[in-house]
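For reference, the structure discussed in these notes is given below.
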Amino acid sequence: MLNEFNPCRPCWDTINDKDDFNINHSYKNYTISPLETKVERNIRTRTVTPVVTGSSVAAFTFNGGVILAADVLGSYGSLAKYRNISRIHQVNDRTVLGLGGDLSDADYIKEAIDTKVEQDIIEEDGSKMTPLALYAWSTRLMYYRRTQLNPLLTNVIVAGMENNEPFLGRVNDKGSAYKEFLIITGIGIHLAQGWIRTILETSSQINKQQAEQLMDRIIKQLYYRDCRAFARYQVCIVTNDNVEFKVKEVQPDWSLASSLRNTE
Amino acid sequence: MVKEHGWYPYEFQSGTTVAVAGDDYVVVASDTRLTENYAIQSRTHSNVYKMHNNSLLLSTGFLGDVLTLKKTLEGRIKTYEYTHSKPISTPALAQMISIMMYGRRFFPYYTNTVITGLDTDGKGCVYAFDPVGSMTKQLYACEGSAMPLILPILDARILGKNTSNPGHVKRTKEETVTMIKDIYMAACERNVELGDGVVIHTLTKDKGIETDVHPLRKD
């Protein structure tokens with residue numbers, strides 16, 4: 001029929017060469033009408049809702065380093081499906097990446113960065129990616145995907161030591177990026193960012209041990225009130241000496257529950 | 001075919017910027033609060049960006065577009081300098097910004113930008129743009145979330161508009177800095193997205209860029 005004719009598609013005899021299983025009609029899976037342009041197809045086939053997600057990531061700088069924490073859960077909607085996913089990724093000996101949001105896009109970002117790090121190793125010129133470079137590059141990557149209207153639906157937290165000074169920055173799915181001494185993504189913005197900033201602003205520079213204790217307290221708070229949180233979490237501490245990973249489990253204190261009248 | 005917006009490619013960060021041109025100086029100011037919806041992400045995020053040719057770019061709106069515009073501009077300023085063996089002048093840079101922004105007419109840089117500097121005669125100049133690059137040379141500019149509060153004050157104080165004493169009032173750069181501090185302090189009482197601090201840069205031919213940070217209320 002004339003309205004289905006597309007001069008760009010291969011023609012074959014569809015009357016005599018009938019295939020019962022429509023093997024040769026795979027083009028129909030790609031374009032919904034002969035008039036759909038490539039851009040329209042891109043827009044139709046992109047994902048704009050995250051599928052497997054990670055919850056909040058919390059990070060702040062302390063005297064001599066940066067600390068990040070994220071739980072190890074990948075949620076499939078409200079199902080706690082993947083219970084051992086590391087959302088903090090070490091890039092090199094002075095940079096780490098924290099990822100929250102869609103985890104398949106997080107994997108894509110991890111692979112892209114690992115490829116870059118491998119290239120650096122292959123070049124053998126002694127240069128290593130610094131957190132600021134990674135932060136700038138991630139901003140470009142996220143902004144590029146946003147401009148293609150095919151976003152990477154993750155929040156990327158870049159942390160590390162830049163010129164022996166702690167560095168912490170966040171890039172979101174639209175390419176907005178900023179650097180700050182405290183970064184929390186996800187629902188943690190509402191549950192933790194306010195009171196943590198008060199503590200960090202009013203206290204003088206805290207040391208590594210105090211930072212760890214404070215981070216444990218943040219994760220515990222998120223575990224109490226975030227529906228998509230998980231008790232097991234990963235903490236990463238970056239200092240001038242090394243990058244340290246620890247896995248911990250929240251020790252919740254539910255004795256408060258009986259005094260809250262709206263819990264049974 | 002009507003398509004629903006599940007994910008929207010723009011978002012709006014806060015930020016208020018003010019620029020005032022004088023006879024031999026330019027004073028620019030920006031608040032230092034960065035918000036995302038109603039959460040404060042940073043109390044020390046300035047919206048003023050120093051360009052290599054000693055002009056100051058003020059940009060608010062969508063932070064992703066602000067950063068991209070700034071980065072693209074920096075590249076093009078350097079290219080101009082390599083090609084022409086001299087730094088780009090602010091009026092030429094303004095024209096370049098206008099053309100660059102109109103290049104994205106059908107997917108705009110959602111930023112309210114102002115480029116300020118000293119023109120070839122040494123006088124201060126302020127060029128303001130709308131999100132698609134419509135350029136106007138102005139005596140003063142104000143963009144951002146508290147613009148409706150601040151712009152009428154600037155109209156009255158600088159040009160005497162709608163007052164009983166109309167006429168352009170010339171000020172020294174110190175007087176302008178004091179005026180801008182007072183204006184920000186007044187505006188932050190009435191606007192939620194304004195606060196935390198105001199950073200004021202003064203650009204003169206002799207002393208270059210001098211910076212002053214003035215704290216504002218944190219609520």
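Here is how names work: the chains are called A, B, and so on, in the same order as the sequence lines, proteins then strands, and each is numbered from 1. Every value quoted in this text rests on a predicted model; they were computed, and no experiment measured them.
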CG on A/L152 to CG on A/D102, rounded to 0.5 Å
8.5 Å
Neighbours of chain A found in residues 91-110 of chain B - heavy atoms under 4.5 Å:
B/R104, B/F107, B/Y109
Residue among A/R140, A/E180, A/R146 with most heavy-atom pairs under 4.5 Å to chain B:
A/R146
Take B/T17 and B/V28 through the test side chain to side chain contact (heavy atoms under 4.5 Å, CB included) and record every step on the way to the result.
CA-CA 7 Å; B/T17 56; B/V28 309; over 6 Å; no
Between atom CD1 of A/I157 and atom SG of A/C236, what is the distance when rounded to the nearest 0.5 Å?
11.5 Å
Residues of residues 181-213 of chain B contacting chain A, heavy-atom criterion under 4.5 Å, by residue number
none
Atom CD1 of A/I85 and atom CZ of A/F230: how far apart are they, to the nearest 0.5 Å?
10.5 Å
Heavy-atom distance under 4.5 Å between the side chains of A/V96 and A/L68, does that happen here?
yes
Would you say that A/D105 contacts A/D107 through its side chain, given a criterion of any heavy-atom pair below 4.5 Å between the two side chains?
no
Step-by-step side chain to side chain contact (heavy atoms under 4.5 Å, CB included) determination, A/V171 to A/Y135:
CA-CA 8 Å; A/V171 190; A/Y135 166 81; 4.2 Å; yes
Exceeds 12 heavy-atom contacts within 6.0 angstrom, atom CZ of A/R217:
yes
B/R217 and B/D219: salt bridge (charged side-chain N to carboxylate O under 4.0 Å, His left out), yes or no, with the steps?
CA-CA 6 Å; B/R217 47 187 314 159; B/D219 66 352; 2.9 Å; yes
Among A/E201, A/H190, A/K179, the residue with the most heavy-atom pairs under 4.5 Å to chain B is A/E201
Residue B/R157 excluded, over 12 heavy atoms near CZ under 6.0 Å:
no
Geometric cation-pi criterion, A/R145 with A/Y108: 6.0 Å, 45°
yes
Residue by residue, which of residues 76-87 of chain B have a heavy atom closer than 4.5 Å to a heavy atom belonging to chain A?
none
Apply the side chain to side chain contact (heavy atoms under 4.5 Å, CB included) test between B/E143 and each candidate in B/I150, B/L151, B/V114; give the one that qualifies.
B/V114
Could you grab the distance from atom NZ of A/K174 to atom OG1 of A/T147, nearest 0.5 Å is fine?
12.5 Å
Cation over ring, B/K173 on B/Y25, under 6.0 Å and within 45°?
no
Under 4.5 Å to a heavy atom of chain B? For A/I183 that would be neither
Contact leader toward chain B among A/D173, A/I189, A/I184, where contacts are heavy-atom pairs under 4.5 Å:
A/D173
Check whether more than 12 heavy atoms from other residues, nucleotides or ligands sit under 6.0 Å from atom OH of B/Y10, and answer yes or no.
yes
With chain A as the partner chain, list the residues of residues 52-73 of chain B whose heavy atoms fall under 4.5 Å from it, by residue number, and write 'none' if nothing qualifies.
B/F62, B/L63, B/G64, B/D65, B/L67, B/T68, B/K71
Please confirm whether the backbone N or O of B/D130 pairs with a side-chain atom of B/S134, one donor and one acceptor, at under 3.5 Å?
no
If you round to the nearest 0.5 Å, how far is CD1 of A/I67 from CG of A/L168?
11.5 Å
Could you check whether any side-chain N or O of B/R171 sits under 3.5 Å from a backbone N or O of B/V177, counting only pairs where one atom can act as donor and the other as acceptor?
no
When rounded to the nearest 0.5 angstrom, what is the spacing between CD1 in B/I40 and NE2 in B/H45?
14.0 Å
Which atoms of A/T139 come close to chain B, meaning under 4.5 Å heavy atom to heavy atom: side chain ones, backbone ones, both, or neither?
side chain
